[in-house]
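Order of the sequence lines fixes the chain letters, A, B, ..., with proteins taken first and strands second; residue numbering starts at 1 for each chain.
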Amino acid sequence: MSELPKAYNPQDVEDRWYRYWESNGLFNAEVNRNKKPYTIVIPPPNVTGMLTMGHVLNNTIQDILIRWKRMQGYEACWIPGTDHAGIATQNAVERALSKEGLNRHDLGREKFIQRVWEWKETYGGVIIQQLRKLGVSCDWRRERFTMDEGLSEAVKEVFVRMFDKGLIYRGKYIVNWCPFHQTALSDDEVDYSESNGHLWHIRYPIEGSSEHAVVATTRPETMLGDTAIAVHPKDERYKKLIGKTAILPLVGRKIPIIADEFVDMTFGSGMVKVTPAHDPNDFLLGQRHHLPQINIFDETAHLNESVPKRYEGLDRFECRKRVVQDLEAGGFLVKTELHVHNVGTCYRCHTVIEPYLSDQWFVKMKPLAAPALRVVHNGKVRFHPQRWEKVYEHWMTNIRDWCISRQIWWGHRIPVYYTPDGTFTAARSEEEARKKLGIAADVPLRQDEDVLDTWFSSWLWPFSTLGWPKDSEDLRYFNPTDTLVTGPDIIFFWVARMIMANMEFMRGEPRLDGKPRKNEEDVVPFRDVYFTSIIRDAQGRKMSKSLGNSPDPLEVINEYGADALRFTIAYLAPLGQDVFFSVEKCEIGRNFANKIWNAGRFLLMNKTEILGSNAGELDLTTLPVEHLDLADRWILSRLHHAIRDYDRALTGFHLNETTKVLYDFIWHDFCDWYVELVKTRFYGDEPQEVKRVVVTRALWIFDQALRMLHPVMPFVTEELWQHLTDRKGQALIRTQFPAANERWIDPKTEADMEFVQNVINAIRNIRGENNIAPSKEISVQVRSDNSVLETYGSYLRKLARVASIRQIGSGEKPKLASSAIVNGTEIYVPLEGLIDVEVERARLQKEIARLAASVENIQKKLANPNFVDRAPREVVQKEQEKLSNFEASLEKLRRNLEQLA
RNA sequence: GGACGCUUAGCUCAGCUGGUUCAGAGCGCCGCCCUUACAAGGCGGAGGUCGUAGGUUCGAUCCCUACAGCGUCCA
């Protein structure tokens, strides 16, 4: 075996192990009736996307969970894949085309789609390769893409079934229209932000009268499509106007003045203009009053031929200016106010959304929502942190129908077929459509031009990736999946809808035992949902491409290593809190990796030293229990503590707590104390046989630590684990995870060790305060009734650089010494000629002040009869013990201070 | 306007069910040290009346109420 380099270099290690794991099938999962499955489906990233810090966090968490469960003996299956990101991908390809001076219509639908597939083949693999760099242990054989044949089957099947059930319908409604993409968007694809605008007050003359109506609007150009004015029926100011006719300025159209309770009497003048084709509220109002709907825009939000010639062809914002000018010139503009209002923009291109009347397809959500709401209420699906349940509940109880059609080409084409006379049906194929419509093979049939919202395929992900609509062992075994890890920002887009879809379509499908699923726990898509933090930069801004504040994770991995990035991000990510990330913070992880590396290096050096040439055959499968000393029993107690805490933390999805447990155990307990203590045995004059046992045990404990750390830092742990001994083809990734054994957790041992540690700390403090060089050895005198120090005084030699310890009698005491009291034990460091009396006095005074304050506090407490009577007896007793201990220590400290010359 | 979250050391944050020196960690800072695993390190040290005001309790960083500031989502 070759010597390990002095510093850990991840680049020498990571790719090599990733290749090994993958090519040996160590990520793979198969149906195994002897094991419990543990399944995660990846939130599919956009196929043409690049890895972001958000992906890093999300996938690190998934990998930690999946590796942990795998090592615990579950059949751990992590299904990866990507989605086709309809609008985003089409957009990217159209941009590329425009560089060639082409648009999609030049190519035609078929050729264009082919172009997108080519694009996908070229750039689609990037994010998947990037994920590998992070070390994720997905079963790559199971990789899926939402436009795959199988998944497209699922989409079609779902659409047709829902159509037949009346859960999908078509209608002319106001939708959110993106004039840039020229497509409808669903409600949650619109971002709202406050914007400074104006409120224009416009005068509409009333026919046959000198009176006029004044309406206020933030969008004056829409007046060209007005078909009414509305007032509140109870509004005394305007009652007399109801039923009269107003003349629309600039247009001359006669429009009625109607009454509707919807009108807000307090807003503006209390009269509103009604534009049914360009405002969702006006649309509903228009339906109630059977008003005409005049659409004044084309798909690009330019004015169409329904408006006076002088406005035709103008862009909507250009038109706004022109209309305001003309209103003013005509004397119709009463006043203009500044006004802050919410403006909706496209979540992809940030173009202002236009409410637009068009034919679209919708999913009826109410019937799906009820069961989905129930399983979250009754805990069949648990959210972490739980508070997201409220958000979910609010959305689910106020749910609106989902607009699923998109006027683009890249996506699943809507499986609806029309005959020339306009009748239509949904079908899995043209033949089926003909059958359903009852028409002959020669009647021309036209398929709907639109495609489906990308989320219409992602909401099927937990079962479509497992082969549905085909039945399979995989589907029966791995669905319901176990944990979903995703961001709260897509709780509506995705999480809620997956619950709905899985419950709707998995009901009745066979379980592993062959019986049809009907219980809620069999039809939910997953049991736990972990909502990740949002990654922000050091200033707290969301990371985004446009701000340029998002580090490239690949560069971070190159600089610090994937393990360092993984550890750091998990360490920084508390459950439910945002993460403020900056690249330099990866030093936490890098330094930790290096620390572990060097601990391993140290152990291996001593292994070779002590065991000699046959060290490679060392058996590390069982813990050697011979020659246990305090440090051994202590570290084993700490180890099992750590395992238990780790288990609790991770079970509760406290990722940061999990990493802290690892960090504290490995760095502080193992490296700072245990390794230092075994040095006393390695370098001491113990028999060779004892040294052999001690080094083997240290390696065994380190082996356990590597297992625990592996899910978080897979690369460095696998590399070291392989170095510890000849593994005969075994790999850490598939090794049993440590289980906490309460038998090893021993409070007495921990208390004894803590006492020794405190004594060492006290001596170190004396050394530090008195500026004694680490190289200078000192002698110590103690007065103690604690036998631990007698037995394990040798621990002080190495850790406090103590040359000799002498027990002293009651009267005895060095003349000039620095002193400390630890749990009643008096410690004296004679420092003839070295001690600065002033420094020492200050030290003691500080300690006295601290203790005196504590004593006073406890005295006050114990003097309070309420406390003594009402607090639990153990608490009171503990306080009393504390008091007498502190008082005794205080007494000794004061005497030492007095006697200081 | 409604819902939720946050406020702890100079900075970034832990503190999961009220009581163990519970007031912590990392970074930064100060001092000493290249002690034969690690200077990406070791040892020591300074730094906080836990946002404010009340309340519950024998006891509050922790539970309740109000307020202030910041943030997110929804309307």
| remark: Pairing partner of B:A3, by Watson-Crick or G-U wobble and under 3.5 Å for both distances, is B:U72

| request: May I ask which nucleotide in the shown strands pairs with B:G51, Watson-Crick or G-U wobble, both distances under 3.5 Å? | output: B:C67

| Rounding to a whole Å, what distance do you find between A:Asn771:CG and B:A46:C1'? | 15 Å

| With sugar-phosphate meaning primed atoms plus P, OP1 and OP2, does A:Tyr683 contact a base, only sugar-phosphate, or nothing at under 4.0 Å between heavy atoms? | sugar-phosphate

| said: Measuring from the side chain of A:Ala871 (C-beta onward, heavy atoms only), which nucleotide among B:G45, B:A37, B:C58 has the closest atom? | reply: B:C58

| message | Do A:Asn765 and A:Arg843 pair up side chain to side chain, a donor and an acceptor below 3.5 Å, judged on atom types alone? | response | yes

| query | How would you label the contact of A:Asp672 with the nucleic acid (heavy atoms, under 4.0 Å): base, sugar-phosphate, or nothing? | reply | sugar-phosphate

| task | Could you walk me through whether A:Gln859 and A:Glu887 pass the side-chain hydrogen bond (donor to acceptor under 3.5 Å, both in side chains) test, one step at a time? | result | CA-CA 10 Å; A:Gln859 276 171 341; A:Glu887 278 176 333; 3.1 Å; yes

| task | Report the base-pairing partner of B:C43 (Watson-Crick or G-U wobble, both distances below 3.5 angstrom), or none. | result | B:G31

| Please give, in whole Å, the distance from B:U21 P to A:Ile821 CD1? | 18 Å

| Looking across every strand, which nucleic acid part, if any, lies under 4.0 Å from A:Arg764 by heavy atom: base, sugar-phosphate, or nothing? | sugar-phosphate

| query | Between A:Lys585 and A:Asn9, which is nearer to the 5' end of RNA chain B once each is assigned its nearest nucleotide? | reply | A:Lys585

| With both distances kept under 3.5 Å, what pairs with B:G24, Watson-Crick or G-U wobble? | B:C13

| task | Just do the salt bridge (charged side-chain N to carboxylate O under 4.0 Å, His left out) check on A:Arg894 and A:Glu891 with the steps written out, would you? | result | CA-CA 5 Å; A:Arg894 286 194 168 126; A:Glu891 179 57 34; 5.7 Å; no

| query | Out of B:G41, B:G42, B:G26, which has the shortest distance to the side chain of A:Asn591? | reply | B:G41

| query | Just checking A:Arg850: base, sugar-phosphate only, or nothing, at a heavy-atom cut-off of under 4.0 Å? | reply | base

| said: It should be established whether A:Lys679 places a side-chain nitrogen or oxygen under 4.0 Å from OP1 or OP2 of nucleotide B:U36. | reply: no

| query | Under 3.5 Å, is there a donor-acceptor pair linking the side chains of A:Tyr828 and A:Glu826? | reply | yes

| query | Is the charged tip of A:Lys691 near the ring of A:Phe682: under 6.0 Å from the six-membered ring centre and within 45° of its axis? | reply | no

| request: Measure from the side chain of A:Arg400, starting at C-beta and using heavy atoms only, and say which of B:A40, B:A37, B:A75 lies closest. | output: B:A75

| message | Can you tell me which nucleotide in B:A40, B:C58, B:G26 comes closest to the side chain of A:Asn864? | response | B:C58

| request: Remember a base hit wins even if backbone is also touched, and classify A:Asn594 as base, sugar-phosphate or nothing at under 4.0 Å, heavy atoms. | output: base

| Using a cut-off of 4.0 Å on non-hydrogen atoms, how would the nucleic acid contact of A:Glu676 be classed: base, sugar-phosphate, or nothing? | base

| request: Give a yes/no answer on whether the side chain of A:Trp667 brings an N or O atom under 4.0 Å of OP1 or OP2 in B:G42. | output: yes

| said: Roughly how many Å apart are B:G47 and B:C27, using the C1' atom of each and rounding to a whole number? | reply: 14 Å

| Between CD on residue A:Glu393 and CG on residue A:Asn398, distance to nearest 0.5 Å | 9.5 Å

| message | Using a heavy-atom cut-off of 4.0 Å across all strands, would you classify A:Lys390 as base, sugar-phosphate, or nothing? | response | sugar-phosphate

| field | Whether A:Phe670 and A:Phe702 hold their rings parallel, tilted or perpendicular, with breakpoints at 30° and 60° | value | parallel

| request: With the side chain of A:Lys882 defined as its heavy atoms from C-beta on, choose the nearest nucleotide among B:U21, B:A40, B:U35. | output: B:U21

| field | Residue whose closest nucleotide on RNA chain B lies nearer the 5' end, A:His394 versus A:Met605 | value | A:Met605

| Spacing between A:Arg870 atom CZ and B:G19 atom C1', to the nearest angstrom | 16 Å

| task | Would you mind telling me which of B:G5, B:U21, B:G42 lies closest to the side-chain atoms of A:Arg387? | result | B:G5

| said: From CG of A:Asn885 over to P of B:U20, roughly how many Å is that when rounded to an integer? | reply: 15 Å

| said: For the C1' atoms, the ones on B:C22 and on B:C50, what distance do you get once it is rounded to whole angstrom? | reply: 11 Å

| query | Tell me: CG of A:Leu604 to P of B:U36, nearest whole Å? | reply | 19 Å

| request: Mind running salt bridge (charged side-chain N to carboxylate O under 4.0 Å, His left out) on A:Glu879 and A:Lys882 for me, showing each step along the way? | output: CA-CA 5 Å; A:Glu879 290 298 314; A:Lys882 229 159 65 177; 3.3 Å; yes

| message | Say we look at B:C70 and B:G28: how far apart would their P atoms be, to the nearest angstrom? | response | 31 Å

| query | Given the P atoms of B:G51 and B:C62, what is the spacing between them in whole Å? | reply | 8 Å

| With a 4.0 Å cut-off on heavy atoms, is A:Glu587 in touch with a base, just the backbone sugar-phosphate, or nothing at all? | nothing

| query | If we take the P atom in both B:U52 and B:A9, what is their distance in whole Å? | reply | 11 Å

| said: Considering every strand and a 4.0 Å limit on heavy-atom distances, what is the contact class for A:Val675: base, sugar-phosphate, or nothing? | reply: base

| query | Base, sugar-phosphate alone, or nothing: which one does A:Asn761 contact when heavy atoms must sit under 4.0 Å apart? | reply | sugar-phosphate

| query | Where the side chain of A:Lys846 is concerned, which of B:G42, B:G45, B:G26 is the nearest nucleotide? | reply | B:G45

| query | Tell me: CD1 of A:Ile666 to P of B:G26, nearest whole Å? | reply | 15 Å

Contact list (N/O, under 3.5 angstrom) for nucleotides 48-50 of chain B vs protein:
none

| message | What is the distance, to the nearest angstrom, from the CZ atom on A:Phe602 to the P atom on B:G42? | response | 14 Å

| field | Closest to side chain of A:Val875, choosing from B:A14, B:A37, B:G19 | value | B:G19

| said: For A:Phe492, run the ring-ring contact (aromatic ring centres under 6.0 Å, His included) check against A:Trp395, A:Trp402, A:Trp455 and tell me which one passes. | reply: A:Trp395

| query | From the list B:G19, B:C16, B:U20, which nucleotide is the closest neighbour of the side chain of A:Glu657? | reply | B:C16

| query | Under a 90° cut-off about 0 for the syn range, is B:G47 syn or anti? | reply | syn

| request: Describe, in one word, how the ring planes of A:Phe383 and A:Phe531 are oriented to each other, choosing from parallel (under 30°), tilted (30 to 60°) and perpendicular (over 60°). | output: perpendicular

| said: So A:Pro872, base contact, sugar-phosphate only, or nothing? Heavy-atom distance under 4.0 Å. | reply: base

| task | For the pair A:Arg797 (side chain) and A:Ala803 (backbone), establish whether a donor and an acceptor sit closer than 3.5 Å, ignoring hydrogens and angles. | result | yes

| message | My understanding is that a pair needs two contacts under 3.5 Å, Watson-Crick or G-U wobble. By that rule, which nucleotide pairs with B:C58? | response | B:G19

| request: Write down the distance separating the P atoms in B:U49 and B:A40, rounded off to the nearest Å. | output: 35 Å

| task | Please work out if A:Lys861 contacts a base, only the sugar-phosphate, or nothing of the nucleic acid, heavy-atom cut-off 4.0 Å. | result | nothing

| Of the nucleotides B:C32, B:A14, B:U21, which has the atom closest to the A:Phe886 side chain? | B:U21

| request: Send over the distance from A:Asn765 CG to B:A46 P, rounded to a whole Å. | output: 8 Å

